[in-house]
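What follows is a short report on a single structure.
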Amino acid sequence: TARAGTPLSDLEAVLAEKGQCLPFEPPHFGPGATVGGMVAAGLSGPARASVGAVRDYLLGVVLINGRAELLTFGGQVMKNVAGYDVSRLMAGAWGTLGLLTEVSLKVLPVAPAEATLRFECNQADALRKLHAWGGQPLPLNASCWVEDAGVGQLYVRLRGAVAAVDAACKSMGGTRLDNATAAPDWRACREQTLPSARSSPTWPCGACRCPPRPPCWRCRVACRRWSNGMVPCAGCRRRLRTVMCCAKQPGQWVGVLHYS
């Protein structure tokens, strides 16, 4: 259990000292990331497909609603929810349902072994490989396909018992990379700073006519989340010359946030 304003890096450092981790690898997007912001954004890293998202590890929250009432949902241990699991609604809500003050999370032990394999293949072959491996008892943890100088590269990360990881490396083939060499690339994947993430040509809001993609990630996610109580930053407003079409009108309340 941690206060919502606890720096995310501090929490991960304390967990690492105890051999524990947040398995969903939340992105930081800078040194100011907090535990409450992690839950409010609801974003996960490259291991999301294999271990689950933020909401799957959220046990309980304490929040203040729009009436200034202090509410507690969930708890601090597993299997403690009777009725609606309201605490999980906070994941990805961007604070529109209440201001988080305290968060209880489930953590897992750090995997005893890790390996990264690299394969040269195009995107279609990468998908076929991943589909085939997904039906086998392999310790798959994350995958990432990138194109470098016209050559497709599939990176697969394995995590689990030492024997399981070693056996998977032998059966899957590919080139095994040193963990220290692969770590910065997986960190870039988590932080969405890979070239493929930076060069997205569209602002993903297909139900309305949006202007070109705003430069900051907060406003991009805001458009994905629709009416989530966010107003574009000053840079985006100067570029777009308008409040994004998904936002509410000025003077309206959205959850506990107010547009001025």
Side-chain angles (χ1 to χ4, degrees), residues 2 7-31 33 35 38-39 41-59 78 105-121 123 125-148 151-198:
L8 185 55
S9 58
D10 290 356
L11 175 61
E12 291 180 331
V14 172
L15 291 175
E17 292 177 359
K18 304 296 183 180
Q20 305 290 310
C21 69
L22 298 173
F24 49 88
E25 298 180 297
H28 289 214
F29 298 122
V35 174
M38 172 193 73
V39 175
L43 300 177
S44 304
R48 173 21 178 138
S50 60
V51 302
V54 180
R55 68 181 303 277
D56 299 312
Y57 294 84
L58 191 58
L59 299 179
M78 295 293 295
L105 298 164
K106 179 178 70 174
V107 298
L108 294 180
V110 176
E114 177 180 320
T116 296
L117 302 178
R118 183 181 61 196
F119 304 84
E120 289 191 6
C121 58
Q123 191 175 46
D125 290 339
L127 290 174
R128 281 193 288 269
K129 289 178 180 291
L130 291 173
H131 289 165
W133 291 330
Q136 302 176 29
L138 298 171
L140 299 176
N141 178 259
S143 63
C144 179
W145 183 86
V146 296
E147 193 171 23
D148 186 13
V151 179
Q153 304 276 356
L154 172 64
Y155 294 87
V156 178
R157 187 174 63 192
L158 308 172
R159 280 181 177 173
V162 176
V165 170
D166 290 341
C169 290
K170 294 178 182 178
S171 64
M172 294 173 64
T175 302
R176 184 168 182 173
L177 305 180
D178 181 71
N179 288 340
T181 302
D185 293 330
W186 288 116
R187 193 177 305 113
C189 183
R190 182 193 72 181
E191 299 298 329
Q192 302 180 17
T193 57
L194 292 174
S196 58
R198 294 196 300 266

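Basis for what follows: all heavy atoms, side chains included, without hydrogens, waters or symmetry-related copies. The shown structure was predicted, so the numbers you read here are calculated from the model rather than taken from an experiment.
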Work out which heavy atom in [X] is nearest to a heavy atom in [Y]; give both atom names and the distance.
X    : Y    : result
V54  : V39  : CG1-CA, 4.2 Å
C189 : P46  : SG-CB, 3.9 Å
P26  : R190 : O-CD, 3.6 Å
C21  : V107 : O-CB, 3.4 Å
L117 : C169 : CD2-SG, 4.0 Å
A2   : V35  : CB-CG2, 4.5 Å

Would you say the side-chain atoms of [X] pair up with the backbone N or O of [Y], donor to acceptor, closer than 3.5 Å?
X    : Y    : answer
E191 : H28  : yes
D56  : A53  : yes
T193 : A188 : yes

With side chains defined as the heavy atoms from C-beta onward, is the minimum distance between [X] and [Y] less than 4.5 Å?
X    : Y    : value
L158 : L140 : yes
Q153 : F119 : no
L177 : Y155 : yes
W186 : T116 : yes
L11  : M38  : no
Y57  : L22  : no

In Å, rounded to the nearest 0.5 Å, how long is the span from [atom1] of [X] to [atom2] of [Y]?
X    : Y    : atom1 : atom2 : result
D148 : E120 : CG    : CD    : 10.0 Å
E25  : R187 : CD    : CZ    : 10.5 Å
Q136 : S171 : CD    : OG    : 7.0 Å
R55  : F24  : CZ    : CZ    : 12.5 Å
R48  : L43  : CZ    : CG    : 11.0 Å
M172 : W133 : CE    : CH2   : 4.0 Å

- Can R157 and N179 be said to form a side-chain contact (heavy atoms from CB on, under 4.5 Å), step by step? CA-CA 10 Å; R157 187 174 63 192; N179 288 340; over 6 Å; no
Practice prompt. For the pair C144 and D185, evaluate side-chain contact (heavy atoms from CB on, under 4.5 Å) and give the outcome as yes or no after the intermediate values.
Written response: CA-CA 10 Å; C144 179; D185 293 330; over 6 Å; no
_I'd like to know whether L58 forms a side-chain contact (heavy atoms from CB on, under 4.5 Å) with L105, so could you lay out the CA-CA distance, the side-chain angles of the two residues, the decisive distance to 0.1 Å, and finally the verdict._
CA-CA 5 Å; L58 191 58; L105 298 164; 3.8 Å; yes
- [ ] Check the pair L154 / D125 against side-chain contact (heavy atoms from CB on, under 4.5 Å), numbers first and verdict last.
- [x] CA-CA 9 Å; L154 172 64; D125 290 339; over 6 Å; no
